[in-house]
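For clarity, every value in this text was computed on a predicted model and none was experimentally measured. Counting from 1, the numbers follow the sequence of the chain as shown.
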Amino acid sequence: MGLEVLAMDQKGYRRESFQSSTSDEDMLEIAGASLDFPMADDDPPLDREMGGFSSYNGGEMNGTSKMMDFLEEPLPGVGTYEDFNTIDWVREKSRDRDRHREITSRSKESTWALIHSVSDAFSGWLLMLFIGLLAGSLAGLIDISAHWMTDLKEGVCLAGFWFNHEHCCWKSNTTFTDRDKCPEWKSWSQLIIGHGEGAFAYILNYLMYVIWALLFSLLAVLLVKGFAPYACGSGIPEIKTILSGFIIRGYLGKWTLIIKTITLVLAVSSGLSLGKEGPLVHVACCCGNILCHLFTKYRKNEAKRREVLSAAAAAGVSVAFGAPIGGVLFSLEEVSYYFPLKTLWRSFFAALVAAFTLRSINPFGNSRLVLFYVEFHMPWHLLELVPFVLLGIFGGLWGAFFIRSNIAWCRRRKTTKLGKYPVLEVFVVTAITAILAFPNEYTRMSTSELISELFNDCGILDSSKLCEYVNDFNSTKGDDLPDRAAGPGVYTAMWQLALALIMKVFITIFTFGMKVPSGLFIPSMAVGAIAGRLLGVAMEQLAFYHHDWVIFSGWCSQGADCITPGLYAMVGAAACLGGVTRMTVSLVVIMFELTGGLEYIVPLMAAAMTSKWMADAIGREGIYDAHIRLNGYPFLEAKEEFSHKTLAMDVMRPRRNDPPLTVITQDSMTVEDVETIINETTYSGYPVVVSRESQRLVGFVLRRDLIISIENARKKQDGIVSTSIIYFTDHSPPLPPSFPSMLKLRSILDLSPFTVTDQTPMEIVVDIFRKLGLRQCLVTHNGKLLGIITKKDVLKHIAQLANQDPDSILFN
């Protein structure tokens, strides 16, 4: 046995031919059901100029007379990776260091070389500038389009159909209280039957709302299914996997970017219980990946490209929440696998440019980057930490419940016929959502608007039901209104919000993971914000009617403004988002950047930490890690401790009853022998030894490099035939003159493969794999090669020890 392919173990997958599998037409399991739509090859591998290797059968080819020294001239395609393989971080970093050393040494020779050296150093910052500009522009486009299409479900603007409801009424002469009822904006019933009152008008508006919702969602799922299957879901689990070193060609390509941008607008506008924040990270990473092709340094090095993608993820969160620092921390805490200091600075710059670009576009017309920006000015009291911690407990319970339910539903989608009907599933869920949402004004409005309303602190001019208090005060100090008795509007709003909470809790479980772009941040925040607002109003009324109780008497006198219900909504939103994603530091920073309130950091920290502890007590995984495990991605979680006492010899292959390890000798095998090994095995690399008897290790050679080098030698090097000897040494072995030309392949040999002894504890081996990003590690005993451990073996071993199915690893 040799190195098992770090790829999908599927029928016909690289068995009979050496075709470089970059067509993405293999069946894939991404965030739910199997995707068997043909994929556009929009992220070409680096060896495109080599062409595919169809039916590589070792037939002799007459090459040109030109002799080629394989040591001097690197071949196109050597050192690149096939689809669904893991990159070798150590080799990639080493190649980049070599490239950098060469540029530095040349820069002293001429002015042109010096200019090249400076431009090479500056290219990273220039790339960040482009990513920030593109991500910010796309986010602005998505925000404006989604806002307009969401309002289109309820009516249209006569002054210009391209205006949304708010923009339509800006020029109107209506009073402040009637600002939503301007004559320029007509509901569908007013347009069709001439009036908007009565049962028939209500039914007509209801019907139009459902029809538009179904139209938008069906268009979204058909575009995803037909053009870019990778555009579904939030994309964050896959981006985490890609940043850990896995290759999924096309996942960050141009088709995925175009379709994800269009379908994200459609999905958000349809009124489904999903958000655009997670998919915006995917969109930003697509921008980063596509722009990498402008710079050779990033185009040809997979490890360098992943540094760029880490920064792009930060830019994505920056434009999603208007939180540049939160975006950098999100990339560091949640998605990045390798995050050097240089990447931190570049992420900061990319997030800054992206936020500045979005601010210049001003999508909401209020000089804010998000719809639910809010400012509170009232201080909070120490005793309020008790309800804040209660909200944290609720957030943790909801997070754990949501993850378990959603994963169970997604697993059912994967394993039953449900996965074969993605369009029908989207149709049914949208229909149920729209039918249930319309009667309740808090579910009818877009989720971002709902959060904005819940975060809002009631002022004198607010006309919302949530602000219908009994006004019996004589004078007010500025905008600060005293705590007041709730009026009938507040009680109605409480019932409607309670029903909205129940609907959001359950409908989100079935929505996340469907074949449309779907983020989880906004629905989670909505659940928490509703729960928080309900608790906030309850506390406010308690303080108003019982201000003489011991808990209130010290700090809440009659006629004072003690409780801010909007603050409770904000804390609840943070708690629920933390319970689902298990974010802590980045979550708190995002929330205070959203609200501009530094004095509320302690309540936010208390709620975020409580929700994480509560959710961790029930289940250790956040939603993204759970989806990574469900889809079988080869992701080695850095946060989990390996506490078992196994040794390298327990995990390595070959095992006791297995055939011996497949090896290549350094100077005694012919081209035909090597081709036979390649044809008969599916491993992605082979150890090279001095001889089969000694088993002394020389190095490690990748299957892909062998294929390309032999194919090239047959075409371009004279006298290479099936009986030619392949040698990996510095000097050719002594052979009779009658022997055909020999093929020297030392340049493709890795002379420093990682090795451990058979007695090395597995906790050290797992640490080596995590911290160095290895693909494989060779096992020796007294200096002799004994076996091999691949990343897949490590993941299978961890799964076995956790009583999980080891065969679920690497794409089910």
Would you please classify the geometry between the [Y] ring and the [X] ring as parallel, tilted or perpendicular, with 30° and 60° separating the classes?
{"X": "F388", "Y": "Y568", "result": "tilted"}
{"X": "Y624", "Y": "F521", "result": "tilted"}
{"X": "F512", "Y": "H627", "result": "perpendicular"}

Check: [X]/[Y] side-chain N/O donor and acceptor closer than 3.5 Å:
{"X": "E154", "Y": "Y209", "value": "no"}
{"X": "S336", "Y": "S331", "value": "yes"}
{"X": "S586", "Y": "E334", "value": "no"}
{"X": "T430", "Y": "S217", "value": "yes"}

With rounding to the nearest 0.5 Å, note down the distance linking [atom1] in [X] to [atom2] in [Y].
{"X": "L382", "Y": "E384", "atom1": "CG", "atom2": "CD", "answer": "9.5 Å"}
{"X": "C285", "Y": "I239", "atom1": "SG", "atom2": "CD1", "answer": "4.0 Å"}
{"X": "L358", "Y": "L141", "atom1": "CG", "atom2": "CG", "answer": "11.0 Å"}
{"X": "L264", "Y": "L138", "atom1": "CG", "atom2": "CG", "answer": "10.5 Å"}
{"X": "W398", "Y": "F394", "atom1": "CH2", "atom2": "CZ", "answer": "8.0 Å"}
{"X": "I403", "Y": "R620", "atom1": "CD1", "atom2": "CZ", "answer": "12.0 Å"}

Least distance between heavy atoms, [X] atom then [Y] atom:
{"X": "A312", "Y": "G288", "value": "CB-CA, 4.4 Å"}
{"X": "R413", "Y": "G513", "value": "NH1-O, 3.0 Å"}
{"X": "M128", "Y": "A311", "value": "SD-CB, 3.5 Å"}
{"X": "A313", "Y": "V335", "value": "CB-CG2, 3.9 Å"}
{"X": "A351", "Y": "V328", "value": "CB-CG2, 4.2 Å"}
{"X": "G271", "Y": "T433", "value": "O-CG2, 3.5 Å"}

State whether the side chain of S452 and the backbone N or O of S448 hold a donor-acceptor pair below 3.5 Å, judged by distance alone.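 Flag not set: sc S452 to bb S448 has no pair under 3.5 Å.
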Verify side chain to side chain donor-acceptor pair (under 3.5 Å) between T343 and S310, making sure each step is shown before the conclusion. CA-CA 7 Å; T343 306; S310 290; over 6 Å; no
Any heavy-atom pair between the side chains of [Y] and [X] that's under 4.5 Å?
{"X": "I522", "Y": "K276", "result": "no"}
{"X": "R582", "Y": "S611", "result": "no"}
{"X": "L152", "Y": "F216", "result": "yes"}

Heavy-atom count around M445 CE within 6.0 Å, excluding the residue itself: above 12? yes
My understanding is that only one of T508, V580, T581 makes a side chain to side chain contact (heavy atoms under 4.5 Å, CB included) with S524; could you say which? V580
Sidechain N-carboxylate O distance under 4.0 Å for D625, K240: yes
